[in-house]
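Below you'll find the structure, written out as structure tokens, and then a few comments.
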Amino acid sequence: MRRPRGEPGSRAPRPAERVTYAGPGESWSPPPSSMLRILLSAQTSPARLSGLLLIPPVQPCCLGPSKSGDRPFGGGPVQGLQRLLEQARSPGELLRWLSQNPTKVRAHHYPVALRRLGQLLVSQPRPSPVEQATLQDLSQLIIRNCPSFDVHTIHVCLHLAVLLGFPSDGPLLCALEQERRSRLPPKPPSPHRPAIYGGQRLEVALSCPRFLQYPRQHLIRSLAEARPEELTPHVMVLLAQHLARHRLREPQLLEAIAHFLVVQEAQLNSKVVQKLVLPFGRLNYMPLEQQFMPCLERILAREAGVAPLATVNILMSLCQLQCLPFRALQFVFSPSFINHINGTPPSLIVRRYLSLLDTAVELELPGYQGPRLPQRQRVPIFPQPLITDRARCKYSHKDMVAEGLRQLLGEENYRQNLTVPPGYCTDFLLCVSSSGAVLPMRTQDPFLPYPPRSCQQDQANFNSTTQDPAQRVVLMLRERWHFCRDGRVLLGSRALRERHLGLMGYQLLPLPFEELESQRGLPQLKSYLRQKLQALGLRWGPEGG
């Protein structure tokens with residue numbers, strides 16, 4: 001592999017070659033400075049070029065084999081060329097690495113080069129003029145070699161070219177779009193709009209794994225530019241999944257999904273509806289669309305017996321929104337529905353969701369008079385910390401708070417990760433006397449009776465033997481990922497857990513992540529926990545008796 005000669009990282013440019021794009025019966029060539037003007041104007045649009053910085057470095061194994069079967073294996077010259085492209089200091093150097101090493105260039109090197117070009121433009125507040133021949137030659141290289149690209153590489157190059165500001169009717173995007181169409185089932189082209197606009201652009205962006213963190217403004221703009229016929233169920237499902245996955249509580253996008261659900265009610269089945277409704281429950285957002293709930297009730301009545309798991313998933317989202325329809329509950333708690341799910345692959349997960357729905361009926365729907373889940377069918381709801389907490393345990397404050405409580409109260413005076421009936425896992429639980437003294441856990445039953453409707457009778461029986469009933473205090477960690485992206489609204493599952501624990505009689509003491517992150521060291525944390533516990537009137541140690 002030859003290194004560029006002359007000054008480090010630079011060499012005199014080669015003579016410019018004319019770039020032509022042959023249309024029907026004619027040739028095309030850009031104006032003398034059109035491409036340069038486009039790229040420099042893109043430099044002044046941080047919202048557009050910032051998308052390039054969100055794309056992680058392209059890995060050869062992620063792109064798959066090219067059309068011709070070329071695929072790099074292991075390290076060697078191919079990997080070395082990728083590193084050189086990623087470290088290039090100018091567009092000219094990018095072009096030289098690609099043009100001087102034709103036997104070592106693979107399809108995945110071109111997205112690497114385009115991504116690096118965008119980074120160079122973003123990193124230079126006042127970029128020096130870029131030679132027109134360099135940009136033309138780079139476009140010509142991609143146009144000449146794109147027939148050997150695989151479908152994913154073509155998609156990546158398309159998006160990078162759009163972010164860089166290449167015109168939708170220019171030779172580069174036209175060539176890439178032509179290759180894309182040749183690999184996929186053709187769709188009737190729009191006579192008046194470019195191919196990569198509106199719903200199609202939104203679909204391609206959301207389905208590309210490199211654009212999972214696509215800017216919100218781009219999503220809103222793409223949705224606004226889309227025509228009604230372009231917003232297919234597949235596009236809207238991708239949008240709903242994107243919002244739920246990244247905890248994006250965007251009212252404009254959520255309202256658009258709700259409106260689509262109402263308008264397309266007759267064409268949607270429950271398996272699609274469960275995916276469209278998911279972000280509303282997860283993001284704790286009740287849409288303003290007045291027909292949202294009536295529409296869902298009609299869909300549940302029509303589809304409830306077709307797909308049991310989808311039906312229960314829809315009800316789970318509505319449970320988080322506190323708007324469960326009685327008619328649908330009566331159906332899923334009916335013996336015929338329960339017998340139908342027994343023995344099926346999703347039986348355990350459906351029974352777990354039905355157990356949570358039964359708990360919601362017990363605690364939040366006193367007026368419900370229909371069938372309930374039989375006791376033998378009930379299973380613990382969340383018998384252990386949620387998956388997100390286990391995945392992010394190294395970022396959690398739980399170990400730090402546990403150490404603070406150990407030094408402050410002693411290990412015998414609290415329990416960590418205790419699951420209380422009907423199956424909610426608590427972060428930290430304390431037993432406290434009526435006078436506020438923290439009691440040793442070995443002397444107390446940490447569980448409150450469930451269902452809580454028997455609490456009054458149990459309390460009376462308890463008072464006949466002792467005059468000092470214990471309260472249960474639950475310390476709830478509110479980590480950053482327990483909230484929507486804006487950091488102000490609890491996710492639906494978290495709000496549901498806190499709501500149910502409170503209704504069962506547990507006294508909740510939230511520990512917000514903003515307050516925990518502001519503590520510097522264990523002494524400050526202990527002081528913070530002491531203030532929190534004393535604010536509830538709690539006493540411990542010698543002063544607690």
Side-chain angles (χ1 to χ4, degrees), residues 244 270-271 273-286 292-384 386-387 419-425 450-454 490-504 506:
S270 57
K271 292 185 178 180
V273 172
Q274 67 174 340
K275 299 174 183 177
L276 294 176
V277 176
L278 172 65
F280 296 99
R282 174 167 168 75
L283 302 173
N284 206 359
Y285 182 87
M286 185 66 183
F292 179 73
M293 279 305 302
C295 170
L296 287 179
E297 291 183 20
R298 289 191 295 269
I299 293 175
L300 285 170
R302 184 185 74 213
E303 299 272 335
V306 178
L309 182 57
T311 299
V312 176
N313 281 336
I314 295 172
L315 290 176
M316 283 291 295
S317 295
L318 297 181
C319 180
Q320 294 172 348
L321 295 174
Q322 294 181 269
C323 51
L324 286 169
F326 283 14
R327 184 178 176 183
L329 288 174
Q330 292 170 356
F331 179 82
V332 298
F333 288 145
S334 65
S336 60
F337 183 87
I338 295 174
N339 292 334
H340 176 66
I341 65 169
N342 285 336
T344 61
S347 173
L348 178 58
I349 188 65
V350 171
R351 288 171 59 198
R352 180 165 294 168
Y353 288 169
L354 289 178
S355 299
L356 190 146
L357 292 173
D358 188 78
T359 301
V361 169
E362 177 69 40
L363 299 175
E364 300 181 307
L365 299 177
Y368 177 79
Q369 300 296 329
R372 295 281 298 276
L373 185 67
Q375 181 65 37
R376 67 180 182 277
Q377 297 288 346
R378 298 177 188 176
V379 295
I381 303 172
F382 301 115
Q384 55 188 347
L386 298 180
I387 294 175
T419 299
V420 300
Y424 283 111
C425 184
Y450 181 84
R453 58 189 171 191
S454 61
L490 271 176
L491 294 176
S493 59
R494 295 288 167 178
L496 177 68
R497 182 176 71 150
E498 294 192 10
R499 192 166 68 243
H500 283 186
L501 286 173
L503 290 172
M504 285 188 289
Y506 293 92

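A heavy-atom distance below 4.5 Å is found between the side chains of Phe333 and Tyr368. The side-chain heavy atoms of Leu300 and Val273, taken from C-beta on, include no pair separated by under 4.5 Å. Residues Thr419 and Pro380 are not in side-chain contact: their nearest non-hydrogen atoms beyond the backbone lie 4.5 Å or more apart. Contact of the Leu354 side chain with the Ile341 side chain is registered, since non-hydrogen atoms from C-beta on lie closer than 4.5 Å. For the pair Ile349/Val312, no side-chain contact is recorded, criterion being any heavy-atom separation below 4.5 Å from C-beta on. Taking 4.5 Å as the limit, every side-chain heavy atom of Gln322 sits out of range of all side-chain heavy atoms of Met286. Between Tyr285 and Pro279, the closest side-chain pair of non-hydrogen atoms is not below 4.5 Å. Thr359 places a side-chain heavy atom less than 4.5 Å from the side chain of Tyr450.
Taking OG of Ser334 as the reference point, atom CG of Leu373 lies at 11.0 Å (rounded to 0.5 Å). Here the CE-CD distance, from Met293 to Glu297, works out to 4.5 Å after rounding to the nearest 0.5 Å. Separation of atoms SG (Cys319) and CE (Met316) is listed at 6.0 Å; rounding is to 0.5 Å. Taken from CD1 in Ile381 to SG in Cys425, the straight-line distance is 12.5 Å, to the nearest 0.5 Å. Here OG of Ser317 is found 11.5 Å from CG of Asn284. Values are rounded to the nearest 0.5 Å. With rounding to the nearest 0.5 angstrom, the CG atom of Leu496 is 11.5 Å from the CG atom of Leu490.
When all heavy atoms of Pro452 and Glu362 are compared, the closest pair comes out as CD-CG, 4.2 Å. Pairing each heavy atom of Arg372 with each of Asp358, the nearest pair is NE-OD1, 2.7 Å. Shortest non-hydrogen contact noted between Ala307 and Lys271 is CB-CE, 4.0 Å.
The aromatic rings of Phe292 and Phe280 lie tilted to each other, with the angle between the two planes from 30° to 60°.
For Gln375, the side-chain hydrogen bond (donor to acceptor under 3.5 Å, both in side chains) test picks out Arg378, with sequence neighbours left out. Scanning for ring-ring contact (aromatic ring centres under 6.0 Å, His included) contacts around Tyr353 gives an empty result, with sequence neighbours left out. With sequence neighbours left out, Gln274 forms a side-chain hydrogen bond (donor to acceptor under 3.5 Å, both in side chains) with Asn313.
Judged purely by atom type and a 3.5 angstrom limit, Arg302 has no side-chain atom pairing as donor or acceptor with the backbone of Ser270. Although no hydrogens or angles enter the test, the distance criterion places a donor-acceptor pair under 3.5 Å between the side chain of Thr311 and the main chain of Ala304.
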Quick one, Gln377 with Asn342, criterion side-chain contact (heavy atoms from CB on, under 4.5 Å). Give me CA distance, side-chain angles, the key distance, then yes/no.
CA-CA 10 Å; Gln377 297 288 346; Asn342 285 336; 3.5 Å; yes
Worked verdict on Tyr424 versus Leu356 for side-chain contact (heavy atoms from CB on, under 4.5 Å):
CA-CA 10 Å; Tyr424 283 111; Leu356 190 146; 4.2 Å; yes
Can you list the steps and then say if Arg282 with Leu491 is a side-chain contact (heavy atoms from CB on, under 4.5 Å)?
CA-CA 6 Å; Arg282 174 167 168 75; Leu491 294 176; 3.9 Å; yes
His500 vs Glu364, test: side-chain contact (heavy atoms from CB on, under 4.5 Å). Steps then yes/no.
CA-CA 8 Å; His500 283 186; Glu364 300 181 307; 3.4 Å; yes
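Enclosure of atom CZ in Arg327 is not indicated, since only 12 or fewer non-hydrogen atoms of other residues, nucleotides or ligands lie within 6.0 angstrom.
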